[in-house]
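Each remark here refers to the structure printed beneath this line.
Nothing here was measured: the structure is a model prediction, and the numbers come from that model. Sequence lines set the chain letters: A, B, ... in the order given, protein chains first and strands last, and positions in each chain run from 1. These numbers come from the heavy atoms of this one structure, side chains and all, not from hydrogens, waters or symmetry mates.
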Protein chains: 2
Amino acid sequence: MKLTKGVEQAICIIVLLATQESSAPLASDEISRRLDVSPSYMKKITRKLVVQGIAMSVPGTNGGVSLAKPVEKITMLDLIEAMEGPIEMYPDSGLINRAFQDGQYAERGQNILRKVFAQGDNLLVEYFSKVTAADLLKEGFGVENLPTLNWNRETLSDVLNKEQDDKK
Amino acid sequence: MKLTKGVEQAICIIVLLATQESSAPLASDEISRRLDVSPSYMKKITRKLVVQGIAMSVPGTNGGVSLAKPVEKITMLDLIEAMEGPIEMYPDSGLINRAFQDGQYAERGQNILRKVFAQGDNLLVEYFSKVTAADLLKEGFGVENLPTLNWNRETLSDVLNKEQDDKK
DNA sequence: TTGTTTGTGGATATAATTTATCTATAATGG
DNA sequence: CCATTATAGATAAATTATATCCACAAACAA
């Protein structure tokens, strides 16, 4: 019942892309350095986000990955499904039919279980579809408008500290 | 996000024990034949149910496994936790702290995510703690009082067909 | 056009977890 | 004391998740 590490990685990527200067796509190789995985693996991951419609990518010089829609419209459900496919808890291996070879009652039990677990799935789908990346980022940074920077050059601390200095 | 096959196996075991003649514990070797796994493996599984307090076991001749409490008090949550431990979706690998080495914001983000996923956990815990084995069995057999039999000798169909014959 | 940068897709390796088995031992009852 | 059954530790097999490499395609710049 654990989500895969891929979901955690996807979340990190979204944070990077959401705070990336809007004009500049972020190269996946840069992300791979930050999350400490190989460039080729990071491309696999970002690809999943692209396929899901969360991110978009452009090849070529100064290309890279950027968000395909505003953070308000990116939900935790999107991220989970991008990495793992649809939420389906029931491990439907057909065991019940094999164990109770009596067709009628076995089939019936199978359906009851499918229904029970599908309801569990729905609880998660409804919940996670209401948690947006915007919610998390806003709560995390404690500000309405996200700081942006170019992750190729700067660190987040630089930007945030600079903002504090400006206020003084 | 799938439950393990073990949960499915546990469900089958509960069905067997719930319909087992109350006087007679069911030998795990008998269960293993039905679910088509080795006797030693089945003992591992039934042991988990015993540890969780769902089942009880007695060694020796005519020993075996039986339910430790009425089916009304056995919940799907009990079964899931018996097989998989507590429901915890968040794959907390510490990636966020590593990726955003800036302590303050990383720690904060980590906590936000823990909270978000813990709420998801709670939805499942609440839901599955309300689904009892009694509910499922009742719906599955369509009767209030479960048929009981000795699984060492009979099959479920035998008993159910016999009941229908009796009515005629 | 040619070379560089970046994403795509297939094959494959590594690691972690789940599933499963075997063996030795302990407990109970006949 | 013997047969039956559960318990517990070691280990094997299968599956899935994580990760890497490599050949290639798309964009762009010189």
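Residues A:S66 and A:Q20 bring no donor and acceptor atom of their side chains to less than 3.5 Å of each other. Residues A:S32 and A:D29 bring no donor and acceptor atom of their side chains to less than 3.5 Å of each other.
Within 4.0 Å (heavy atoms only), A:S28 reaches sugar-phosphate atoms of the nucleic acid but no base atom.
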Stepwise side chain to side chain donor-acceptor pair (under 3.5 Å) check, A:R114 with A:N111: CA-CA 5 Å; A:R114 286 202 184 106; A:N111 286 333; 3.1 Å; yes
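Within 6.0 Å of NZ on B:K73 lie no more than 12 heavy atoms contributed by other residues, nucleotides or ligands.
Of the two residues contacting DNA chain C, namely A:G63 and A:V51, the nearest-nucleotide position lying further toward the 5' end is that of A:G63.
Phosphate proximity of C:dG9 to A:R47: present, with a side-chain N or O under 4.0 Å from OP1 or OP2. At the phosphate of D:dT7, OP1 or OP2 sits under 4.0 Å from a side-chain N or O atom of B:S57.
Rounded to a whole Å, the CD atom of A:E30 is 11 Å from the P atom of C:dG7. The CE-C1' distance, from B:M56 to D:dT5, rounds to 14 Å in whole Å. Nucleotide D:dT7 holds its C1' atom 13 Å from the CG atom of B:D29, rounded to whole Å.
Closest to the side chain of B:P59, out of C:dG9, D:dA6, D:dT4, is D:dA6.
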Sugar-phosphate or base contact per nucleotide [nucleotides 16-21 of chain C; S, B, -; heavy atom under 4.0 Å]: ---SBB
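Using modelled atom types, no side-chain atom of B:N97 and backbone atom of B:G94 make a donor-acceptor pair closer than 3.5 Å.
Between B:F141 and A:Y105, the two ring planes are tilted [angle within 30° to 60°].
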